Amino acid sequence: MAVVVPAPGTAAGTGVQQGPPDTLVTPMSTFGGRFTRFHGPWRHPWGLEAFTWLYLMWSIVPIGIAVLFSFNPGKSQSSFQGLSLRWYLHDTGSVLRDAALHGAVVQTLKLALFTTIITIPLGVAFAIGITRWRSRTSNGFNFMMIFSFVVPELLLAVALYFVFDQLFTFVHFGTDAETAALVVWNLSWPAIIVRARLSSIGKVYEEAAADLGASRFSAMWRVLMPFLLPAIFASTVLTFASVIDDFVLVEQLSGPGSQTMSVLIYSQAHGGNNGPALNALATLMLAFSLVVAVIGYFAYRFMTRGERGSRTQAVTTIAGM
Amino acid sequence: VAQLATPAVRRGSPPSLRARSRARAERDRLDSWRPRWLWAALAVPGGLWLILLFVIPFYVVLAVAAGTLDPIFQSPIPVWNPAFWSWSNFAQLWHELVGRDAFLLPPFLRTVAYTAIASVLSLAIAYPVAYFVTRYAGRRKSLFLILLISPFWVSYMMRMLAWIDLLQLNGYVNKVLEFFHVVSSSNPVSWLGGKASTVILGLVYGYIPYLIIVLYAGLDRIDGRLLEAARDLGLSRWRTFWRVTVPLSRQTILAGMFITVLPMFGDYFTNQLLSGTPSTTMFGNVIEGQLGVANLEGEGAAAAVLLLVLLLLPMVYYVHSTAKASRENA
């Protein structure tokens, strides 16, 4: 006798209906737990849920405390004295007034903007190209792209340091070199995300456009592009946010006066000289990323409205999954 | 176009119609899909960028590592022709790794040990969490996902800064321990003074969000009906987990391990921020410390080549399996 009880999370019936028609479906409760060692077979695993919440607290609470300390009026990063915007706005030592802190914010946003502007068109075209163009070369490109995704960032930074130092000496350390490097490092975001979207769309719409007389170019521009828009948008968000957070490439290829927020935090955090000003800087970084993520999420939901797919799918796409 | 046309044609249409339709399909293909080079033209700029700034740079590293030093300035001179490569930098590196005064061996072994402990610990934490969210979160799945992904949007530096705040001598960690009388307030634990456990904790904290994302994506693809079938056939929860879920997620676990192990090997900042003492120096610090110091750069390049060679096998495996999966999906 088979007992089929749909799991609470799954759509009832997906597994059940495929059983033979004479299968007897009996709820587990009739056994009263007497004939089986376990009680409800789909009982909620409270231990696992508690573990998950513990993990979430461990991962989020420290960040919350760091944000809180950026509003600390005193210089301490270990005892909390009240709420103030002193480290954001005050005349001395605040993010707004201190030249180094202020410059780091500007430099970070500049790099994020430059990199995104180059990466997205390059990466989207690259994704369409390597998906549709079947050849040995495009396979090679695909390999290179995935390789650039998994290579440790330090090794890429070392390689680019030497190439700008020895071979492409016309690219100066600082913003130029950093932008060129960040484009390499982030090219895989649009490439992977747009390619995934392309393969889920399939070729049918393009073929329909071709049957109706569209050229390859206009089929791409007027049929494919609107379909790809959510993926392009998601990768823009990811690229922008990942440049804001980038550290290794930016530090290794930095030139005079091109300190970003993460490099500044790295160089001063251990000594703890700047006090909560660093927390304020980090909080601003967090705010930039979060604003980008939230805008990205809602815009993605808006663009994919009317499609099958859920909130979870939007969340995972915006996170680059 | 051809795919759409053929079935109707095969089903016994008159030959004249078949010929005409084939001719039209052929004409369509040639006429309307005029720029045949379009796909190639789209792929080439990105490909060139990668060749110029990803493939060539690694050749340059090799050329510098196998190059010589300027006799006056002691700056590295790359040797472009493999026929003239010198192995002196590699020999020196080898000497420092296994020779009599092998001062590079401890950092190297330490890196392997830290990475191994941190990645196993990450897996032990991440797997149950990802498993819970995929199987049991139900309607709250998006909430859990947003919470899981949120650290991904917080910069690495800020997450380390948060722990630096907490782990200071008079920070909250010591305060909590003092409250429970684990340590005395007169003799607080110096967490940031070069403790291996702090560095490992930092590595776990830093890279676990990536692992969870990979594990979630993989576990989510497992067909829930298989697990239901296992339970229906009388397997207990544990045995279902060990005999169905774990074997089905083997590939995912492997991919997740790559995603955490590869960056941990190249990590130098976690250790620098949370310890900053020679007792916890990792191989990444060795490489990073040799950049920008003229007479050490050649050896730094050799160390980078060594690390690359060591990590090449897992990387090639990962790239190969990913490329295969993407080709199957396309």
Side-chain angles (χ1 to χ4, degrees), chain A residues 2 8-10 15 41 48 51-52 55-56 59 62-63 66 77-78 122 125-126 128-133 138 141-142 144 146-148 150 152 154-155 158-163 166-167 180 184 199 210 213 215-217 245 247 262 265-266 269-270 282 285-286 289 293 311-312 315 319 321, chain B residues 1 32-35 38-40 42-43 45-47 50 53-54 57-58 60-61 64 78 128-129 132 138 141-142 145 147 149 151-155 157-158 161-162 164-166 168 170-171 213 217 224-225 228 231-232 262-263 265-266 273 276 284 291 304 308 315 318-319 322-323 329-330:
Chain A
T10 59
L48 213 51
F51 184 78
T52 304
Y55 163 74
L56 287 173
S59 77
I63 299 165
Q77 281 162 288
S78 51
L122 207 64
F126 185 71
I128 299 175
I130 57 169
T131 314
R132 292 283 187 258
W133 180 31
S138 87
F141 283 176
N142 186 25
M144 265 187 333
I146 304 172
F147 230 101
S148 79
V150 288
L154 176 63
L155 290 182
V158 170
L160 286 165
Y161 172 84
F162 282 119
V163 89
Q166 302 285 347
L167 193 63
V184 177
S199 58
S215 73
R216 202 178 258 204
F217 188 76
D245 294 347
F247 165 71
S262 51
I265 293 174
Y266 173 75
H270 199 69
M285 252 170 112
L286 173 68
S289 293
R311 258 182 310 180
T312 31
V315 172
M321 286 157 71
Chain B
V1 181
S32 57
W33 291 75
R34 178 58 60 68
L38 182 64
W39 302 143
L42 287 173
L50 285 179
L53 293 171
F54 183 68
F58 278 103
V60 175
V61 175
V64 170
V129 172
F132 173 79
K141 205 172 196 173
S142 352
L145 267 181
L147 291 176
I149 288 167
F152 187 73
W153 292 92
V154 183
S155 89
M157 284 305 134
M158 173 165 199
L161 183 69
I164 292 173
D165 286 355
L166 291 176
Q168 279 171 6
N170 55 354
I213 284 178
R225 286 176 295 183
E228 283 168 30
R231 299 303 306 279
D232 290 343
L262 289 175
F265 260 99
L273 280 169
L291 286 196
L308 185 72
M315 277 196 285
Y318 183 86
V319 170
T322 314
N329 283 337

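Throughout, protein chains are lettered first and strands after them, A, B, ... in sequence-line order, and every chain is numbered starting at 1. As the structure is a prediction and not an experimental result, all values here were calculated from the model.
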Visitor: Tell me, please, which residues at least two apart from A:Tyr161 pass ring-ring contact (aromatic ring centres under 6.0 Å, His included).
Guide: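 Residues passing ring-ring contact (aromatic ring centres under 6.0 Å, His included) with A:Tyr161: A:Phe173.
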
Visitor: Step by step, work out the side chain to side chain contact (heavy atoms under 4.5 Å, CB included) result for A:Phe162 and B:Leu291.
Guide: CA-CA 9 Å; A:Phe162 282 119; B:Leu291 286 196; 3.9 Å; yes

Visitor: Is A:Phe247 close to chain B through its backbone or its side chain, or both, or neither, when contacts mean heavy atoms under 4.5 Å?
Guide: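 Contact with chain B is through the side chain of A:Phe247 alone.
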
Visitor: Shortest non-hydrogen contact from B:Pro57 to A:Leu160?
Guide: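 Result for this residue pair: CG-CD2, 3.9 Å.
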
Visitor: Picking from A:Ala159, A:Ala180, A:Ala282, which has the most non-hydrogen pairs under 4.5 angstrom with chain B?
Guide: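 Looking at each of A:Ala159, A:Ala180, A:Ala282 in turn, A:Ala159 comes out on top.
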
Visitor: Which heavy atom of B:Ser155 sits nearest a heavy atom of A:Asp245, and at what distance?
Guide: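 Looking at all heavy atoms of both residues, the shortest contact is CB-OD1, 3.2 Å.
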
Visitor: Is it the backbone or the side chain of A:Met144 that comes under 4.5 Å from a heavy atom of chain B, or both, or neither?
Guide: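 Both the backbone and the side chain of A:Met144 come within 4.5 Å of chain B.
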
Visitor: Distance check, rounded to the nearest 0.5 Å: B:Met157 atom CE versus A:Tyr266 atom OH?
Guide: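 Rounded to the nearest 0.5 Å, the CE-OH separation comes out at 7.0 Å.
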
Visitor: For A:Leu56, is it the side chain, the backbone, both, or neither that has a heavy atom closer than 4.5 Å to a heavy atom of chain B?
Guide: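 Just its side chain gets close to chain B.
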
Visitor: How long is the span from the CG atom in B:Leu262 to the CG atom in A:Leu154, to the nearest 0.5 Å?
Guide: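 Between B:Leu262 CG and A:Leu154 CG, I get 12.5 Å after rounding to 0.5 Å.
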
Visitor: At their closest point, which heavy atom of A:Val158 faces which heavy atom of B:Ala304, and how far apart are they?
Guide: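 Taking every non-hydrogen atom into account, CG1-CB, 3.9 Å.
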
Visitor: Over all heavy atoms of both residues, which pair between A:Leu286 and B:Trp153 is shortest? Give the atoms and the distance, please.
Guide: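 Result for this residue pair: CD1-O, 4.4 Å.
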
Visitor: Heavy-atom distance under 4.5 Å to chain A: side chain of B:Val319, backbone, both or neither?
Guide: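 Looking at B:Val319, backbone and side chain both touch chain A.
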
Visitor: Who among B:Pro45, B:Gly284, B:Pro263, B:Gly266 has the most heavy-atom pairs with chain A under 4.5 Å?
Guide: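 Ranked by contacts with chain A, first place is B:Gly266.
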
Visitor: Where do B:Leu38 and A:Phe217 land on the side chain to side chain contact (heavy atoms under 4.5 Å, CB included) test, with the steps shown first?
Guide: CA-CA 7 Å; B:Leu38 182 64; A:Phe217 188 76; 3.9 Å; yes

Visitor: To the nearest 0.5 angstrom, please state how far the CE atom of B:Met315 sits from the CD1 atom of A:Ile146.
Guide: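 Reported to 0.5 Å precision, the distance equals 13.5 Å.
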
Visitor: Which atoms of A:Ser138 are under 4.5 Å from chain B, going by heavy atoms: the side chain, the backbone, both sets, or neither?
Guide: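 Neither part, no heavy atoms under 4.5 Å.
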
Visitor: Quick check for you: to the nearest 0.5 Å, what is the distance between A:Phe147 atom CZ and B:Leu50 atom CG?
Guide: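 CG of B:Leu50 is found 12.5 Å from CZ of A:Phe147.
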
Visitor: Work out which heavy atom in B:Ala43 is nearest to a heavy atom in A:Phe126; give both atom names and the distance.
Guide: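 Heavy-atom minimum between the residues: O-CD1, 3.3 Å.
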
Visitor: Please identify, among A:Ile63, A:Ile130, A:Ile128, the residue contributing the most non-hydrogen atom pairs under 4.5 Å to chain B.
Guide: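 Most heavy-atom pairs within the cutoff with chain B belong to A:Ile63.
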
Visitor: Can you find a heavy atom in the side chain of A:Ser262 that is under 4.5 Å from one in the side chain of B:Met158?
Guide: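 Heavy-atom side-chain distance check fails, nothing below 4.5 Å.
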
Visitor: List the residues meeting ring-ring contact (aromatic ring centres under 6.0 Å, His included) with B:Phe58, not counting sequence neighbours, and say none if there are none.
Guide: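 Once residues adjacent in sequence are excluded, the partners of B:Phe58 under the ring-ring contact (aromatic ring centres under 6.0 Å, His included) criterion are B:Phe54.
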
Visitor: Is there a side-chain contact between A:Phe51 and B:Val129 (heavy atoms, below 4.5 Å)?
Guide: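 Side-chain contact under 4.5 Å: yes.
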
